[in-house]
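The chains referred to below are lettered A, B, ... by the order of the sequence lines, with proteins before strands, and numbering in each begins at 1.
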Amino acid sequence: MAQKPSIPKGTRDFSPAEVARRNFIIERIRRQFELFGFQPIETPAMENYDTLMGKYGEEGDRLIFKILNSGDFLSKADLSALQQADAQALTPQISEKALRYDLTVPFARYVVMHQNELEFPFKRYQIQPVWRADRPQRGRFREFYQCDADVVGARGTVQEAEFIQLYDRAFADLGLQGVTLKLNHRKVLSGIAEVIGAADRLVDFTVALDKLDKIGRDKVEAEMEGKGISREAIAKAAPLFELKGTASQKIEALRGLLSGSAQGMEGLDELETLVARTAALGLKAATLELDITLARGLNYYTGAIFEVAAPEGVNMGSIGGGGRYDDLTGIFGLQDMSGVGISFGLDRIYLVMEQLGLFPQTLDRALDVFCVNFGQQEADAAQQLVLNLRNRGIRADLYPTAAKVGKQFKYADRRAVPYVVLIGEEELASGTFTVRDMQGGTQDTYSLNAWEQFADRLQP
RNA sequence: GUGGUUGUAGCUCAGCUGGUUAGAGCGCUGGAUUGUGGUUCCAGAGGUCGCCGGUUCGAACCCGGUCUUCCACCCCA
């Protein structure tokens with residue numbers, strides 16, 4: 001009995017057309033990464049269990065794919081945890097590796113391990129798959145690609161401004177107009193929590209605030225209260241719910257609220273600098289928006305926070321995100337190494353571009369010239385012609401068998417080949433080949449010796 | 001992790017309150033057309049009804065479990 005084939009939940013196969021489109025996105029993003037001075041690295045699909053655990057919060061730990069040890073792993077384990085059905089205690093006993101959950105923590109590990117070989121500030125980019133044991137949904141997979149660019153070893157806001165430009169150029173290069181670059185600052189969030197007297201409830205406060213767009217002010221306030229934030233504190237935060245206007249106007253309004261918080265004012269100064277610099281440099285495809293409700297990755301971000309929203313009308317979670325983390329390498333023993341980075345979510349960008357019909361049609365064409373096979377002798381001549389064309393950089397192929405001509409034409413049609421070459425008995429006798437323009441339906445004849453005339457027509 | 005949803009031919013889907021041989025369109029194969037695709041006509045192949053178990057004289061249909069899909073949470077790219 002044949003086994004019914006399947007792949008794990010949340011994973012996908014990619015067809016030739018899909019790979020061509022994914023590569024299109026990757027190439028454009030990579031081009032911008034390199035134009036901005038980033039260098040590529042790659043890291044293993046698996047990291048040591050201890051490298052990953054505890055870096056993404058409790059929720060993150062749950063979503064990390066753990067790899068079962070090989071061999072007779074039970075004999076080495078302390079099985080009391082198994083008897084008590086305590087998965088949390090048992091897992092480290094039987095697993096010492098895990099699949100990469102993101103590209104940032106492996107990068108931090110890389111920087112610490114290779115610190116003596118690196119030139120700081122070190123600018124790296126990395127385009128690789130990551131794995132999360134999440135429940136799949138549209139735009140949410142268990143295996144997906146991230147495209148990250150990070151800089152470590154430099155402080156200041158110049159780099160943040162660079163990343164805003166990088167985002168914008170990449171989306172412009174992809175032809176994806178209308179994305180929103182949301183900007184916030186961890187110090188501003190901390191400052192708010194400080195001045196309203198809820199500094200110890202920072203995460204609960206920001207997580208609730210983050211839902212403002214989705215559930216509205218009343219429910220946000222109710223959730224804050226439910227998390228133990230006092231009514232008095234919530235009342236003090238009222239100006240947050242009424243922020244309006246341009247980024248500068250919002251910053252002005254926040255200065256009033258945060259005047260009692262040194263770090264809050266520091267965050268506002270940085271945001272103001274970033275907004276001003278971005279205004280001076282200009283944006284091609286994206287708009288910058290100050291969003292005080294943006295609260296992501298608070299486990300390690302310490303400065304500016306970025307998130308990218310798809311163009312309006314496209315139902316998709318964030319298609320990118322990033323921020324500054326002052327001490328990510330500290331946990332691996334390298335202190336005072338400030339970093340800042342951004343990430344592009346390849347799979348979500350793909351879905352957005354597909355929905356908006358932004359992929360170039362030429363991506364569907366994998367072959368420029370297709371040569372019909374009429375039999376042994378004709379095929380010999382055809383093969384030589386095909387090789388000549390390939391040497392010119394033209395994608396050309398010869399059908400492998402002398403199948404019916406109708407069938408071969410149908411094949412060429414399916415593969416969207418623009419030109420079909422015929423070298424049959426007649427052509428062979430006269431030393432020529434016939435070219436059919438599949439779109440126009442016209443046919444021309446060239447001498448085999450003058451094949452470059454045909455090549456010139458394809459590549460003027 | 002919580003709650004819901006989906007699964008029938010390669011694809012998109014019909015299939016009544018359980019009842020004989022499970023259908024359509026598209027696609028596929030062959031032919032009309034032994035040197036011409038995308039149009040047309042004719043013929044044909046193709047299905048353990050996701051999987052396991054249960055109820056029943058009888059299950060694609062009812063029940064339980066499981067896997068999968070999609071959705072809302074949680075969280076996130």
**Student:** Give me the distance, rounded to whole Å, that separates B/G27 from B/G38 when you measure between the C1' atoms they each carry.
**Tutor:**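 That atom pair is separated by 15 Å.
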**Student:** How far does the C1' atom of B/A60 sit from the matching atom of B/G23, given to the nearest Å?
**Tutor:**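 Taking atom C1' in both B/A60 and B/G23, they lie 13 Å apart.
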**Student:** Please state how far atom CD in A/E223 lies from atom P in B/C73, giving the value in whole angstrom units.
**Tutor:**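 Result: 12 Å.
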**Student:** Closest to the A/Q137 side chain: B/U68, B/C75, B/C71?
**Tutor:**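 That would be B/C71.
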**Student:** Is a side-chain donor-acceptor pair under 3.5 Å present for A/Y56 with A/D102?
**Tutor:**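 Present: a donor and an acceptor within the cut-off.
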**Student:** Establish whether the base of B/U69 is bridged to the side chain of A/R135 by a donor-acceptor pair shorter than 3.5 Å.
**Tutor:**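 Looking at the base of B/U69, it does not pair with any donor or acceptor on the side chain of A/R135 (distance under 3.5 Å).
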**Student:** Once you round it to whole Å, what is the distance between C1' of B/A72 and NZ of A/K214?
**Tutor:**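 Rounded to whole Å, this separation is 9 Å.
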**Student:** Using the C1' atom as the reference point in each nucleotide, state the distance between B/C70 and B/A24 in Å, no decimals.
**Tutor:**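 Each nucleotide's C1' atom is 25 Å from the other's.
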**Student:** Just the rounded figure in Å: distance from P of B/C75 to CZ of A/R142.
**Tutor:**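 So the two atoms are 18 Å apart, to the nearest Å.
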**Student:** Do nucleotides 32-45 of chain B as a string where each nucleotide becomes B, S or -: B if the base has a protein heavy atom under 4.0 Å, S if just the sugar-phosphate does, - if no protein is that close.
**Tutor:** ---BBBB-------
**Student:** Using the P atom in both, what is the distance from B/C75 to B/A9, to the nearest Å?
**Tutor:**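 About 39 Å, rounded to a whole number of Å.
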**Student:** Restricting to non-hydrogen atoms, name the atom on A/D210 and the atom on A/A295 that form the minimum distance, rounded to 0.1 Å.
**Tutor:**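 That would be OD1-N, 3.6 Å.
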**Student:** Sticking with atom C1', work out how far B/A77 lies from B/U68, rounded to a whole angstrom.
**Tutor:**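 Here B/A77 and B/U68 have their C1' atoms 23 Å from each other.
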**Student:** Would you classify A/G375 as touching base, sugar-phosphate or nothing, given that sugar-phosphate means primed atoms plus P, OP1 and OP2, and contacts are heavy atoms under 4.0 Å?
**Tutor:**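 No contact.
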**Student:** Strictly below 4.0 Å, N to O, side chains only: are A/R21 and A/D364 in salt-bridge contact?
**Tutor:**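 Yes, charged N to carboxylate O under 4.0 Å.
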**Student:** Can you tell me how the ring of A/Y399 sits relative to the ring of A/F370, calling it parallel under 30°, perpendicular over 60° and tilted otherwise?
**Tutor:**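 The rings of A/Y399 and A/F370 stand perpendicular, inter-plane angle above 60°.
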**Student:** When only distance counts, do a donor and an acceptor, one from the side chain of A/R132 and one from the base of B/C76, lie under 3.5 Å apart?
**Tutor:**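 No, no donor-acceptor pair under 3.5 Å.
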**Student:** Is NZ or CZ of A/R124 both nearer than 6.0 Å to the six-membered ring centre of A/Y110 and within 45° of the ring axis?
**Tutor:**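 No; the conditions do not both hold, so A/R124 does not lie above the ring face of A/Y110.
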**Student:** Using whole Å, report how far CD of A/E59 lies from P of B/C73.
**Tutor:**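 One finds 15 Å between P of B/C73 and CD of A/E59, rounded.
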**Student:** Quick one: does NZ or CZ of A/K97 land under 6.0 Å from the six-membered ring centre of A/Y49, within 45 degrees of the ring axis?
**Tutor:**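 The answer is no, since A/K97 fails at least one limit relative to A/Y49.
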**Student:** Look at all strands and tell whether A/G139 reaches a base, only sugar-phosphate, or nothing, counting heavy atoms closer than 4.0 Å.
**Tutor:**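 It contacts base atoms.
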**Student:** For the aromatic rings, using the six-membered ring if either is Trp, is the centroid distance between A/F344 and A/Y167 under 6.0 Å?
**Tutor:**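 Close enough - the centres of the two rings lie under 6.0 Å apart.
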**Student:** Work out how far the C1' atom of B/C11 is from that of B/G47, and round it to whole angstrom.
**Tutor:**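 The same atom, C1', in both gives a distance of 14 Å.
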**Student:** To the nearest Å, give me how far apart NZ (A/K227) and P (B/C74) are.
**Tutor:**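 Rounding to the nearest Å, NZ of A/K227 and P of B/C74 are 10 Å apart.
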**Student:** For A/F141 and B/C70, what is the distance between atoms CZ and C1' respectively, to the nearest whole Å?
**Tutor:**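 Taking atom C1' of B/C70 as the reference, CZ of A/F141 is at 12 Å.
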**Student:** Can you check the distance between B/G19 and B/U56, where both ends of the measurement are the C1' atom (answer in whole Å)?
**Tutor:**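 It works out to 12 Å between them.
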**Student:** May I ask you to test the A/F241-A/L209 pair for a side-chain heavy-atom distance under 4.5 Å?
**Tutor:**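 Of all side-chain heavy-atom pairs linking A/L209 with A/F241, at least one is under 4.5 Å.
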**Student:** Once you apply the 3.5 Å cut-off to both distances, tell me the Watson-Crick or G-U wobble partner of B/C51, or none.
**Tutor:**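 Its partner is B/G65.
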**Student:** Of A/G345 and A/N315, whose closest RNA chain B nucleotide lies nearer the 5' terminus?
**Tutor:**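 Its nearest nucleotide lies further toward 5', so the answer is A/N315.
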**Student:** Specify the separation, in whole Å, of atom CZ of A/R62 and atom C1' of B/C75.
**Tutor:**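 Rounding to the nearest Å, CZ of A/R62 and C1' of B/C75 are 8 Å apart.
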**Student:** If you measure from the C1' atom in B/C76 to the same atom in B/C16, how many Å do you get, rounded?
**Tutor:**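 Here B/C76 and B/C16 have their C1' atoms 45 Å from each other.
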**Student:** B/G1 pairs with which nucleotide, Watson-Crick or G-U wobble, both distances below 3.5 Å?
**Tutor:**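 With both distances under 3.5 Å, B/G1 matches B/C73.
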**Student:** Between A/D61 and A/K66, which heavy-atom pair has the shortest distance, and what is it?
**Tutor:**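 Looking at all heavy atoms of both residues, the closest pair is O-NZ, 2.7 Å.
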**Student:** Quick one: does A/R348 reach the base of B/C76 with a side-chain donor-acceptor pair under 3.5 Å?
**Tutor:**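 Present.
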**Student:** If pairing requires Watson-Crick or G-U wobble contacts with both distances under 3.5 Å, which nucleotide is the partner of B/A43?
**Tutor:**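 Here B/A43 is engaged in a pair, and the nucleotide opposite it is B/U29.
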**Student:** When the distance from CG of A/D102 to P of B/C76 is rounded to whole Å, what number comes out?
**Tutor:**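 After rounding, the gap between these two atoms is 11 Å.
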